[in-house]
Amino acid sequence: MSMNPQKKIKNSETRPARRRRRGRAWAALAAASALLVSLLAAFPAAAAYDLPEDVSVSAKAALVVSLGATQAEDTVLYELDADAMKSPAALVRLMVGAVAIRIIREQEIDLDKTTGTYTIECFNRIAGTGLTTANMEIGETWTVRDLLSMSMIQTAADACVTLAVTLSGSEDQFVAEMNALAQEIGCENTSFANVSGIDHINQYTSARDIYRIMRYAMDYPEYEALLSATEYTAQPVSGGKGNHSLPNTNEMSRPSSSYYYSPMAYGKTGYTDSAGRCLASVARDSGYEYLVVVLGCPEKDSEGQSGVHFRDTKALYRWAFNSFTYKTLLSKNEPIAQLPVRLAWDRDTVTLVPETNFSATVANDLDPSTILKKETLNVESVDAPVAKGEVYGKVELFINVDQKIGEVNLVASESVERSEILSIWAQVQSFLTSPWFYGGLALLAVLLVGYIILNIVHNRRRRRNRMQRLKKYK
């Protein structure tokens, strides 16, 4: 059979073209998918509450969190682009402090005996950047306590670089440990490239990740002490020219400042032209504790007034302290669901109740009756015995229809004993409906049929033999 040569040539020419078209199609699909993912990632989760009309902020990103006894009990009250990647500026010190304290503890470093020297290499790391320093001079030796304190209370870039080199051998190694810790504690939009706060393409974070960093560092009591001091005085161990007195850059902590805010516990400021004015802090009052992060505030507001990041922070704190209350929303004795129980003589169900009381920070005017309780059970029914306190599901609490504020395990409110009679009868029923029982019946039927057939065959043979004997005698 002959083949059309023109058709053969045409096919051999179009096959590579088809491959290229498919490749371009897959590439376009991949690009579209990547674009879709990036667009979805750019949209932050819906804010828990909206700010009232008389409260506004100039920050490009913000977060307000009510702090509970543990991170799992924290409640996000307000967020503005909380997952957007922003330059951290000096807020990088929040992670520097956490990593430094972790290294000091792990290596059992003596803060007052271990020292670090400000070298030409350290100087070159920050030279020409315009960053604030502690005016350290090359060759000066400082204790780790002084280096850590100056790095945290003020944006002292020279002290921070020297601290990193002293603890990890190099700034790059220290930064690697910062990034490792960020991954460990669940930071999703954070990357560090230096400890000084210099803007860098690979140095970014988000308001929510800053919260995660501060929440982790709260486990170290010395962390708050470093950030809350209004002033710190240090003196080099050798090569120095006297004391260095550094004020806290967080003016909301200093009573002498016009921005002073008495509930302020501690915080850290940051600023570069790219990052804008930033502040991450914690405030306490009347048994309540809130964390506020503002990023990207302008240098001055529309009226030419500075301190925008301080005023934004104060406005958010006042709104939180005045608008929310810590309430018990679910009692551990409150019936939530009924779970069917089998094999119990006098009980058909057991009541499920919350494992513990559930409390949360909610709006002052919240009516508890409007809280939506959604229960999810692990099983449709259970066989007795049932032990009091055994977990059989959970109940989730929602406000504003779809805003989840927490969940609690559902447990049996009481014990239920098993009836042995019902248990035995259930085993009998189980056997009577099991494949083994039906298989046994089928086998018995086969044997019975076989027996009948054998009897019929045997009887026929007997009759045949009898007839043959009769014929023989006749």
Taking every non-hydrogen atom, the tightest pair across L181 and M95: CD2-SD, 3.7 Å
Backbone N/O of Y326 and side chain of Y288: donor-acceptor pair under 3.5 Å: yes
Modelled atom types, side-chain donor and acceptor of Q173 and S168, under 3.5 Å: no
Test item: I399 and T370 side chains (from C-beta on) under 4.5 Å apart, heavy atoms: no
Residue pair N202 / S191, side-chain donor-acceptor N/O under 3.5 Å: no
Atom NZ of K332 with >12 non-hydrogen neighbours under 6.0 angstrom: no
Pair T230-S253, side chain to side chain donor-acceptor pair (under 3.5 Å): steps then yes or no: CA-CA 6 Å; T230 57; S253 294; over 6 Å; no
Under 3.5 Å donor-acceptor, Y317 side chain and R284 backbone: no
Heavy-atom closest pair, residues E355 and V408: N-CG1, 3.6 Å
V341 and S381, any side-chain heavy atoms less than 4.5 Å apart: no
Beyond-backbone contact of V64 with E79, side-chain heavy atoms, under 4.5 angstrom: no
Whether D301 side chain and G304 backbone form a donor-acceptor pair below 3.5 Å: yes
Pair F321 + Y290: ring centers closer than 6.0 Å: yes
Crowding at NZ, K327 (>12 non-hydrogen neighbours, <6.0 Å): yes
Pair F324 and Y49, ring centroids less than 6.0 Å apart: yes
Worked check of side-chain contact (heavy atoms from CB on, under 4.5 Å) between T162 and E121: CA-CA 9 Å; T162 306; E121 290 77 12; over 6 Å; no
Full working for side-chain contact (heavy atoms from CB on, under 4.5 Å) between L91 and I210: CA-CA 8 Å; L91 293 191; I210 288 174; 3.6 Å; yes
Value rounded to 0.5 Å, distance of CE in M264 from CZ in F310: 8.5 Å
T115-T143 side chain donor-acceptor pair, cut-off 3.5 Å: no
Backbone of N322 reached by a side-chain donor or acceptor of N364 within 3.5 Å: yes
Nearest atoms (heavy-atom pairs only) where V92 meets S196: CG1-C, 4.2 Å
Candidate pair K388 and E414, rule salt bridge (charged side-chain N to carboxylate O under 4.0 Å, His left out), full reasoning: CA-CA 4 Å; K388 181 179 180 179; E414 58 184 323; over 6 Å; no
T75 side chain to S66 side chain, donor-acceptor N/O pair below 3.5 angstrom: no
E106 side chain vs I103 backbone, donor-acceptor pair below 3.5 Å: no
Evaluation steps, salt bridge (charged side-chain N to carboxylate O under 4.0 Å, His left out), between E222 and R105: CA-CA 11 Å; E222 55 268 49; R105 288 191 169 201; 3.0 Å; yes
Exercise: do T117 and T141 side chains pair donor with acceptor under 3.5 Å: yes
Donor on one side chain, acceptor on other, D367 and S369, under 3.5 Å: yes
Euclidean distance, L67 CG relative to D74 CG, rounded to 0.5 Å: 5.0 Å
Test salt bridge (charged side-chain N to carboxylate O under 4.0 Å, His left out) applied to E396 and K373, step by step: CA-CA 6 Å; E396 298 172 287; K373 301 180 182 71; over 6 Å; no
Electrostatic pair D158:R125 at N-O distance under 4.0 angstrom: no
D199 side chain vs S87 backbone, donor-acceptor pair below 3.5 Å: no
Minimum heavy-atom distance T233-S245, with the two atoms named: OG1-OG, 3.6 Å
Verdict with reasoning, M150 to M136, per side-chain contact (heavy atoms from CB on, under 4.5 Å): CA-CA 11 Å; M150 291 190 296; M136 294 168 57; 4.2 Å; yes
Donor-acceptor under 3.5 Å (N124 side chain, I120 main chain): yes
side-chain contact (heavy atoms from CB on, under 4.5 Å) between Y78 and L51, intermediate numbers included: CA-CA 8 Å; Y78 172 74; L51 294 178; 3.5 Å; yes
E171 side chain to V195 backbone, donor-acceptor under 3.5 Å: yes
Whether over 12 other heavy atoms sit under 6.0 Å from Q305 CD: yes
Pairwise distance OG1(T249) to CG(L279) - rounded to 0.5 angstrom: 8.5 Å
Atom pair CG/OG1 of L295 and T205 - distance to nearest 0.5 Å: 8.0 Å
Distance (rounded to the nearest 0.5 Å) between Q154 CD and E231 CD: 10.0 Å
Validation row: V282, E289 side chains within 4.5 angstrom (heavy atoms): yes
Spatial distance of atom CG (L410) from atom CD1 (I336) [nearest 0.5 Å]: 6.5 Å
Side chain proximity check, R93 to C160, heavy atoms < 4.5 angstrom: yes
Side-chain H-bond candidate by donor/acceptor type, S149 with D146, under 3.5 Å: no
N409 side chain near P354 side chain, heavy-atom distance below 4.5 Å: no
Minimum side-chain heavy-atom gap Y259-N250 below 4.5 Å: no
Flag side-chain contact, heavy atom, 4.5 Å: K374 against F398: yes
Among Y118, W142, Y232, the one residue meeting ring-ring contact (aromatic ring centres under 6.0 Å, His included) with H244: W142
N194 (side chain) donor-acceptor with I198 (main chain) under 3.5 angstrom: yes
Distance-minimising heavy-atom pair for S228 and N248: C-ND2, 4.2 Å
Minimum-distance pair of heavy atoms, taken over all atoms of V350 and S413: CG2-N, 4.4 Å
Residue pair K394, E375: steps toward the salt bridge (charged side-chain N to carboxylate O under 4.0 Å, His left out) verdict: CA-CA 6 Å; K394 65 180 180 180; E375 63 266 16; over 6 Å; no
Donor-acceptor contact below 3.5 Å, side chain D312 vs main chain V57: no
